[in-house]
Amino acid sequence: MRVSYNWLKEYVELDISPQELAHKLTMAGIEVDSVEYLGEGIDNVVIGQIIDVVDHPNADKLVICKVDIGTDVLQIVTGAPNVVKDGKVAVAIIGCHLPNGVKIKKAKLRGEVSQGMMCSAQELGLDPKNFSEEQQTGIIIFQNDAAVVGDDVKKTLGLDNYVLELGLTPNRADCMSMVNVAKEIAALTGGEFRLPSMAIEETEGQSVSRLADVQIVEEDLCHRYVARVIRNISIGPSPLWMQQHLKASGVRPINNVVDVTNFIMMELGQPLHAFDYDKLADNRIVVRKSVQGEKITTIDEEERELDKDTLVIADAEKAVAIAGVMGGFDSEVTEETTNILLESAYFQGESIRRTAKKVGLRSESSARFEKGIDKAQSAAAADRAAQLIAELGGGQVAPGVIDVYPKPWEQPVITMRSERVNKLLGTSISCDDMKVLLRRLWMEVEEVETGVLKAKVPSYRNDLTSEIDLVEEIARLYGYGNIDTTMPKGEPSAEPITPEEILKTKVTKGLISCGLNEMISYSFISPKAMDKLLVTEGHPWRTYVEIQNPLTEEQGVMRTSLLPGLLETAAKNFKRRQLNLQFFEIGRVFLLSEDRLPDERVKIGAIVSGEQFNGWVQKSTPLDFFHLKGIVESLLQQLDVEDVEFKAAAVPEDYPSLHPGRAAEVILSGECIGYIGEVHPQALSNVGLQQRATVMELDGRLLLEHVNLVPSYVNLPKFPVVSRDLAIVVEDAVSADAIDELIREVGGELLKGITLFDVYKGTQISEGYRSLAYSMTYQALDRTLTDDEVSQLHDKIQDSLLEKFRAKVR
Amino acid sequence: MRDKLQEIKATALDELSKAVNLDQLESLRIKYFGKKGELTQVLRGMGKLSPEERPLIGQLANQIRDQIEEQLQVKRQDLEKVVQTKRLEEERIDITLPGRDFNLGTRHPLYQILDEIIDIFRGLGFSVVEGPEIELDYYNFEALNLPKDHPARDMQDSFYITEEVLLRTHTSPVQIRTMERKNSQLPIRIIAPGKVYRRDDDATHSPMFHQVEGLLVDKHVTFGDLKGTLLTFARQIFGQDRKIRLRPSYFPFTEPSAEVDVSCINCGGSGCRVCSHTGWLEILGSGLVHPRVLEMAGYDPEEVSGFAFGMGVERITMLKYGIDDLRLLFDNDLRFLQQF
Ligand SMILES: [Zn+2]
């Protein structure tokens, strides 16, 4: 809502600056988004009158004007097509800066001196559409009586004014009215409020009840319909003061009738509609629902087909307006109109909201109906508008008024306990002070018993219905800033930190210390993302939770895996020439479920790709499968997970996006909690990542079942560790895991640790074989192991390996 | 014998003083104290002395041995020092060469701030609760006093899954879920961080963003308590000199409602570009829990009261780190992430 400061002064005494006013309103909950000075940047532009026009001797398209600006007569050369002798114009004099950045200097145009410029609307930073067609292509020419030579153009155009842009919350739609804003200001400043005159002068003649007939079919959707008829008017422009008020409010002046309806809407918040009385068949108004397929051409000259539920205003034959949203073209007020039927109605908000949405039209009137207008005021608004139309159009208001009012407004009476107010706010405001505060808000207040007030709410405050609403009003007027600052008393909440939170923290810290960077990607993905990742039809990753109304197809479904986001991020960074790519994300994926809500599962995802630069001391290391596997292993170790196994994953059946030879399931105590694997080269190329990448994804909930978040202390060993190495040559087919398992099995309790420190294939080893070198540590908890004991056990391990895997000692 | 000893002493001390390295020193030790060493030999010859002379010579021999040994020790220390000094000199490195690369990862800046927020409220006795990101219309709107067709629903354009299921538009549904779970027990002091979704995508809006919801329900909770709690928060996160101001506002699930501004962290309140020359920055919305919301969740608003607040984590992150482009937070550009 744009509120003109000058216009406001007509309704309330204002002795504070627009900026101060803005602050006061903001601090009272009527947020002022901006304060705009309409004449911003327009200085040294004055009204001048063209007293002479002669052709330019050296240019066909230019003329030389003599312009009287009161203090001087200037010679100005111009190419404007609409200069006319005696015309009053806006003259930018030498030294003036215009809003568009132009600086006016003394100049010679084709040899003739020019001492200024006559301005167009654009040059003054004004909306050309507010001016006549002729003036849109040329300069502004003022109506003779509308401008005084020598005046500052800001005064003439009403630009010496401020506009406060209100960002209204939905509960304060009443402030979409100048009068109601003025009332609010009066409550805040104590300034005197002045209601505009609602007096109406009816003429002799046929009464309105004989001229027209109103019938409301849908009483639930139309609670009130007031109609007045104004006769014998002539359509013309509205007066300058009205145009200026409308322009400041952002409304384009059209003609005296339409302008009055808009003026009253801005002033009182009551949307009005003016019909050409003579075009209403049978002079009837019927408020009804449309029939399926019913057509209406609206004033934007668009033919619209309606469904069966749209509230329309119809005459005896057809729909003539979409109620509260837009008028019909056929019954529109035109230059030829002489008789008017004026509508001032109350349409139910939800219905208008649905209609406006359906037909895709949001207007100043529909916005007001949607949020609820002042039902008690419809007749007064009609009176004031009819009177103004008659005055401005030289017509007569037909005697009487039609006021069909099936659901009259009932004034709410709210009981408020002063003690309750103070208890909630933490204040000690006296009951008398509360009375004063409520009365300032135009309520009738009565203390019905000690400390209990009954307040009658004014008709425009639809938002006030219960005691708590008045508590807020008291707090607002008392000032939030004046309420004492205290800390909550009482018991602290005793809920412990949940295992989920602890796990999340530990995993996050662990992955960061492993060098991974945390990323956040959108929870929605494109359904096509899974095509790129080679995910086949029927794969569980394809059973998405779909968004009905996504912003773009790219964000059409909820992610079922973190993989698309991880790969996209890696690819994006790769394109920015980042080569050491290490990311992780902890976030939810969404799986369809039998329940009303999908299954939301926290996943821990990571991607590594490229190589890690180690500086000058050491060669770079590849960010490959084993790098990420190492991270997973360290993480699981840190989480005290005992039984960890990596098992070759089924590709493409289960993991179609992975490299078939480089993919594993992560298995904890026999349960698969996720996967790790190199990304399939085809998938890499599909996402535009031109280097190998390895990814992993673990399920948070499943992981939680296997971790030990509170490790228990074990005594430190008191006896020394003995370490022995062992190198064997085995066939490639023998997995490291199998060897590891056998060593542990044979080694038993005394074997404390195994480290594989070398894997070798090459000239000294026959093809199809590889050499694995282990370092083993032995230790007993209760004694120092003898050399013999260790050797025996070590040999036993070696023998079992030789036997079971047909290994050779190297 | 006496002369012999004196002579050994003189020679030994002289030789010791001339030794230039530890090897020479070791040979001297063997020369005098070895099995066949000169001093050893002399001492061995003591048996031939008369009983009168033996103790006298013996005493002298011991004296001389101690003197030589002491000198040997001193010399060894000297020579060792020389060796060490030399070694240290040789081992000089170019300490200006860069250190070995350690590849540390980074916590996302948004979550660093979230961690801070959580820490602050934990310190105030709040515990952390989470709720589903895909919500029932009931929890997201209806139970928050936002019935169907409520005009305020327009403030939050939603992504729908079905008519009754949507991506939550705020973390406020966790308030309701918590109150239901608590089953009219008191007190409730929770914060609920998480992702939320709205159909908005431009320079200052992201369709997915993060909020932290707070809820305190107990007997005798006042609007003043809300102010105190938020002031504590603002000072802890933005600095001790911060002031806050509450402006009346409207949320269907709180009343009285307030927008909360903090004095500008850039200019301190005098007005600058960051605060659009107002001196204030809007950081969160809050209010007393609406009686109808308490009622729907099974609490008697005559008996208990509460306050709730909700803040955007992106906004606070951008303010604190001086980030001027929201999109950076979800672009995952390494060059950005590694700045934090
Ligand atoms: Zn500032």
Side-chain angles (χ1 to χ4, degrees), chain A residues 26-29 169-171 350 353 370-371 424-426 468-469 471-472 475-476 480-481 483-493 495 501 508 511-512 514-523 545 547-549 551 555 569 573 576 578 582 588 590 596-598 600 612-615 617, chain B residues 97-98 100-101 103-108 110-111 125-128 132-134 136 149 151-152 155 159-161 165 187-190 195 199 201 207-208 216 218-225 227-229 231 245-250 255-256 258 288 290-291 305 329-330 332-334 337-338:
Chain A
T26 297
M27 293 313 290
T169 52
N171 61 323
E350 280 168 40
R353 180 163 169 259
E370 278 177 33
K371 286 165 182 143
L424 284 171
L425 299 180
I468 194 70
D469 299 327
V471 174
E472 183 171 66
R476 210 163 63 80
Y480 282 9
I483 296 172
D484 282 342
T485 301
T486 52
M487 286 307 278
K489 294 142 212 75
E491 297 276 309
S493 149
E495 289 189 39
E501 267 184 275
T508 303
L511 294 177
I512 288 170
C514 287
L516 300 182
N517 298 288
E518 186 173 33
M519 54 170 266
I520 304 173
S521 53
Y522 283 155
S523 303
V545 175
I547 298 170
Q548 271 184 5
N549 55 340
L551 280 173
Q555 303 172 352
T569 297
N573 279 282
R576 293 177 188 132
Q578 301 286 318
Q582 305 191 62
R588 299 185 193 180
F590 305 84
R596 284 217 283 172
L597 291 179
E600 297 185 15
Q612 183 173 309
F613 179 65
N614 291 318
V617 196
Chain B
L97 280 172
R100 225 159 270 168
D101 271 27
N103 191 66
L104 293 182
T106 50
R107 176 86 157 139
H108 194 285
L110 201 63
Y111 291 163
F126 287 72
S127 47
V128 179
E133 289 174 25
I134 301 185
L136 295 173
D149 283 318
M155 288 157 79
F159 289 110
Y160 279 93
I161 305 299
V165 176
I188 296 175
R189 283 193 187 213
I190 57 126
K195 289 179 180 143
R199 288 191 81 246
D201 197 358
M208 179 186 91
L216 188 151
D218 207 343
K219 293 190 168 170
H220 317 300
V221 179
T222 69
F223 196 80
D225 296 343
K227 284 180 72 176
T229 304
L231 180 61
R245 82 177 181 184
L246 277 71
R247 282 183 285 112
S249 186
Y250 172 75
E255 191 162 15
L288 292 186
H290 198 289
S305 53
L329 292 173
F330 300 108
N332 302 313
D333 189 328
L334 260 180
L337 295 177
Q338 289 181 337

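Quick note on labels: first sequence line is chain A, next is B, and so on, each numbered from 1.
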(message) If the threshold is 4.0 Å, N to carboxylate O, is there a salt bridge linking Asp484(A) and Lys227(B)?
(response) no
(request) Using the side chain to side chain contact (heavy atoms under 4.5 Å, CB included) rule, take Leu329(B) and Ile520(A) through it: C-alpha gap first, then chi angles, then the decisive distance, then the call. (result) CA-CA 8 Å; Leu329(B) 292 173; Ile520(A) 304 173; over 6 Å; no
(request) Enter the distance from Gln338(B):CD to Asn517(A):CG here, rounded to the nearest 0.5 Å. (result) 4.5 Å
(request) May I ask you to name which of Thr26(A), Leu597(A), Val545(A) has the most heavy-atom pairs under 4.5 Å with chain B? (result) Leu597(A)
(message) To the closest 0.5 Å, what do you measure between OG1 (Thr569(A)) and CG (Asp333(B))?
(response) 10.0 Å
(message) Looking at Arg100(B), I want to see if its CZ is surrounded by more than 12 non-hydrogen atoms of other residues, nucleotides or ligands under 6.0 Å.
(response) no
(message) Under 4.5 Å from any heavy atom of chain A, what part of Arg245(B) do you find: side chain, backbone, both or neither?
(response) side chain
(request) Write down the atom of Ser305(B), the atom of Leu424(A), and the distance for their closest heavy-atom approach. (result) CB-CD2, 3.8 Å
(request) Start with the C-alpha gap between Lys489(A) and Asp225(B), add the side-chain angles, then the distance that decides, and say whether salt bridge (Lys or Arg N to Asp or Glu O under 4.0 Å) holds. (result) CA-CA 8 Å; Lys489(A) 294 142 212 75; Asp225(B) 296 343; 3.5 Å; yes
(message) At a 4.5 Å cut-off on heavy atoms, which part of Pro291(B) comes close to chain A: side chain, backbone, both, or neither?
(response) side chain
(message) Testing the basics here: between Ser127(B) and Glu495(A), what is the closest heavy-atom pair and its distance to 0.1 Å?
(response) OG-CB, 3.7 Å
(request) Verify, without hydrogens or angle tests, whether Glu255(B) (side chain) and Glu472(A) (backbone) share a donor-acceptor contact under 3.5 angstrom. (result) no
(message) I need the minimum non-hydrogen distance between Glu133(B) and Ser523(A), along with the two atoms involved.
(response) OE1-OG, 3.9 Å
(message) So for Lys219(B), is it side chain, backbone, both, or neither that comes closer than 4.5 Å to the heavy atoms of chain A?
(response) neither
(message) For Val128(B), which atoms come within 4.5 Å of any heavy atom of chain A: side chain, backbone, both, or neither?
(response) both
(request) Against chain B, work out which of Val471(A), Leu516(A), Thr508(A), Asn171(A) has the most heavy-atom pairs shorter than 4.5 Å and name it. (result) Asn171(A)
(request) Check each atom of Phe590(A) against the heavy atoms of chain B and say whether the ones under 4.5 Å are side chain, backbone, both or neither. (result) side chain
(request) Go through Gly515(A), Gly481(A), Pro598(A) and name the one with the most non-hydrogen pairs under 4.5 angstrom from chain B. (result) Gly515(A)
(request) Supply the atom-to-atom distance Met519(A) CE to Thr106(B) OG1, rounded to the nearest 0.5 angstrom. (result) 12.0 Å
(message) I need the Leu288(B) CG to Ile468(A) CD1 distance, nearest 0.5 Å.
(response) 6.5 Å
(message) Testing the basics here: between Pro248(B) and Arg476(A), what is the closest heavy-atom pair and its distance to 0.1 Å?
(response) CG-CG, 3.5 Å
(message) With a 4.5 angstrom heavy-atom cut-off, is it the side chain or the backbone of Leu337(B) that approaches chain A, or both, or neither?
(response) side chain
(request) Supply the atom-to-atom distance Leu334(B) CG to Gln582(A) CD, rounded to the nearest 0.5 angstrom. (result) 9.0 Å
(message) Quick check for you: to the nearest 0.5 Å, what is the distance between His220(B) atom NE2 and Thr486(A) atom OG1?
(response) 13.0 Å
(request) List the steps and the verdict of side chain to side chain contact (heavy atoms under 4.5 Å, CB included) for Phe159(B) and Asn549(A). (result) CA-CA 6 Å; Phe159(B) 289 110; Asn549(A) 55 340; 4.2 Å; yes
(message) For Gln555(A) versus Pro207(B), what's the shortest heavy-atom pair and its separation?
(response) OE1-CG, 4.0 Å
(request) Pick whichever of Gly490(A), Ser521(A), Ala475(A) has the most heavy-atom pairs under 4.5 Å with chain B. (result) Ser521(A)
(request) Indicate the atoms forming the closest heavy-atom contact of Met27(A) with Leu246(B), along with that distance. (result) CE-O, 3.8 Å
(message) If I measure from the heavy atoms of chain A, does Thr229(B) come under 4.5 Å with its side chain, its backbone, both, or neither?
(response) both
(request) Could you tell me whether the side chain of Pro488(A) reaches within less than 4.5 Å of the side chain of Val221(B), counting heavy atoms only? (result) no
(request) Look only at the side chain of Glu518(A) and the backbone of His108(B), and say whether a donor-acceptor pair between them is shorter than 3.5 Å. (result) yes
